[in-house]
Amino acid sequence: MAERQVAELGPGAACCGWNHCGRRLAAGAVDGSVSVYDSHPSPSSKWQAHEQAIVNVVWLPPEYGDAIACVCADGTLSLWEEVAEDDQLPTWRKRKVFEGGNCRILNVHFGLHLGSLKMVTTYSDGQVKIFELLDSLELDKWQLQAEFQNVMDPVSRFGKPACTSASIAWNPRRGVSQQASFAIGFNSDSPHFNSCKIWEFEEAHQRWLPLVELGLPEDKGDRVCAVAWAPNIGRPYEIIAVATSKGIAIWHIGSNTDSDGRPSTENVALLSGHDGEVWQLEWDMGGMTLASTGGDGMVKLWQANLDGVWHEQAVLDCSGSRV
């Protein structure tokens with residue numbers, strides 16, 4: 001999609017998200033409407049999804065057709081699927097609505113494991129819930145698989161924090177022997193919940209366990225603004241970017257483990273290029289270039305050179321021109 005088309009989403013756009021191949025863009029607006037853009041500046045579809053602002057839109061994996069999840073400012077989550085009948089134009093239909101009850105749903109992310117679709121949701125009370133799709137053809141049939149707090153010690157009880165946002169990044173690797181895992185961090189008033197943690201599914205006991213915490217001793221508990229897990233094409237380690245008020249930390253997670261079975265971690269860079277809070281992090285499909293957006297209205301691209309030193313490669317303003 002051309003940069004001009006992104007710019008023409010209009011002042012009412014609150015969030016947007018690309019589909020897996022990067023050819024379709026879904027944009028949520030402050031009035032609760034959702035628009036889907038294909039190859040033209042004008043939306044191919046637009047509908048009223050919620051009564052309040054859409055704060056996040058996420059595409060489901062392409063194996064499940066054209067479907068998106070919308071997180072609303074009122075704390076509800078809705079799933080929409082594009083359907084076409086006979087010779088009629090495709091329309092978007094609501095398949096499922098999730099409500100947070102006494103708390104708000106903050107974010108959602110999807111991941112595949114052994115042919116099963118998992119949905120990770122975060123809540124304003126610090127809870128994390130994992131849902132599993134029961135029927136690949138029925139997006140309204142989900143089952144709660146697990147529920148836990150984003151803390152390393154499952155025995156301790158830290159109460160219920162007040163969380164304003166949460167960031168989730170599913171491990172993009174899909175190998176048969178690869179364990180299902182994701183990284184998650186909160187922006188809350190409780191440091192125990194904030195720091196980014198990697199959760200992994202333990203097949204033997206069918207449960208999710210905290211694998212490792214990404215944070216230096218002096219940084220643990222920092223409020224997390226964004227998390228992004230890089231695609232891995234042949235690297236012997238994983239790369240995860242975590243944004244806090246101190247900047248964007250680049251972490252290497254190795255395959256070697258300690259006596260407790262936890263993987264090795266190394267903070268290889270701290271990128272401090274935005275004036276204000278980082279809003280979003282996105283990796284390219286090769287996991288080589290990291291894009292960041294922030295409250296300063298800038299888009300920045302980051303890469304590591306041949307020596308592994310990270311640097312700012314380019315800066316883009318909101319209209320897409322190079323600085």
Side-chain angles (χ1 to χ4, degrees), residues 16-22 56 58-62 107-113 118 120 122 166-185 195-201 210-216 219 222 224-244 246-257 262-274 278-294 299-316:
C16 60
W18 295 99
N19 70 344
H20 179 73
C21 62
N56 197 13
V58 180
W59 290 83
L60 274 68
N107 208 347
V108 62
H109 208 283
F110 297 91
L112 290 171
H113 181 58
K118 303 290 194 301
V120 185
T122 54
S167 300
I168 315 166
W170 188 273
N171 184 348
R173 298 185 70 176
R174 298 186 180 184
V176 176
S177 60
Q178 187 77 17
Q179 294 286 359
S181 56
F182 61 87
I184 188 169
S195 58
C196 182
K197 303 171 185 69
I198 298 178
W199 291 82
E200 186 175 82
F201 188 66
L211 189 64
V212 70
E213 185 175 16
L214 301 181
L216 299 175
D219 298 332
D222 287 350
V224 174
C225 306
V227 177
W229 196 314
N232 190 343
I233 305 178
R235 284 191 307 266
Y237 54 87
E238 301 291 335
I239 300 180
I240 297 179
V242 181
T244 67
K246 295 177 181 176
I248 303 170
I250 305 296
W251 289 87
H252 285 186
I253 295 88
S255 56
N256 298 327
T257 58
R262 302 188 187 280
S264 60
T265 61
E266 181 183 6
N267 181 208
V268 298
L270 181 62
L271 312 175
S272 302
H274 283 283
V278 174
W279 287 352
Q280 189 174 6
L281 298 173
E282 290 287 346
W283 291 96
D284 67 345
M285 295 185 68
M288 303 296 291
T289 303
L290 176 68
S292 62
T293 62
V299 177
K300 300 202 172 191
L301 303 181
W302 310 88
Q303 282 187 345
N305 60 21
L306 296 178
D307 296 324
V309 178
W310 284 83
H311 63 280
E312 183 182 283
Q313 185 198 34
V315 182
L316 310 171

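Residue numbers start at 1 and run along the sequence shown.
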Does Ile250 offer a backbone N or O that forms a donor-acceptor pair with the side chain of Asn267 under 3.5 Å? yes
Any side-chain heavy atom of Val227 sitting closer than 4.5 Å to one from Ile184? no
Check: Val212 and Lys197 side chains under 4.5 Å, non-hydrogen atoms: no
Are side-chain N/O atoms of Gln179 and Glu200 paired as donor and acceptor at under 3.5 Å? no
Heavy atoms of Gly254 and Tyr237 approach each other most closely as CA-CB, 4.1 Å
Test item: Trp59 side-chain N/O and His20 main-chain N/O as donor-acceptor pair under 3.5 Å: no
In chain order, what residues pass the side chain to side chain contact (heavy atoms under 4.5 Å, CB included) check against Ala180, with sequence neighbours excluded? His113, Trp170, Phe201, Trp208
If we only count heavy atoms from C-beta on, is the Trp310 to Ile248 side-chain gap below 4.5 Å? no
Within the structure provided, determine whether Ile198 and Thr265 are in side-chain contact (heavy-atom separation under 4.5 Å). no
Side chains of His252 and Glu238 in contact at under 4.5 Å (non-hydrogen atoms): no
Go through the structure and list residues passing salt bridge (Lys or Arg N to Asp or Glu O under 4.0 Å) with Asp219, not counting sequence neighbours. Lys246
Taking every heavy atom of Pro172 against every heavy atom of Ala230, the minimum-distance pair comes out as CG-O, 3.7 Å
Taking the side chain as everything from C-beta on, heavy atoms only, tell me whether Glu312 gets closer than 4.5 Å to Trp302. yes
Judged by atom type as modelled, is there a donor-acceptor pair below 3.5 Å linking the side chain of His311 to the main-chain atoms of Ala304? no
Any side-chain heavy atom of Asn232 sitting closer than 4.5 Å to one from Asn171? no
Distance (rounded to the nearest 0.5 Å) between Leu214 CG and Ile240 CD1: 5.5 Å
Backbone N or O of Asn107 within a donor-acceptor pair of the Asn56 side chain at under 3.5 Å? no
In terms of heavy-atom contacts, Pro231 and Met285 come closest through CB-O, 3.5 Å
Is any side-chain heavy atom of Ser181 closer than 4.5 Å to a side-chain heavy atom of Trp229? yes
Give a yes or no answer on whether the side chain of Asp222 reaches the backbone of Val224 with a donor-acceptor pair at less than 3.5 Å. no
Is a side-chain N or O of Ser167 found less than 3.5 angstrom from the main chain of Gly185, in a donor-acceptor match? no
Val309 backbone acceptor or donor facing Asp307 side chain under 3.5 Å: no
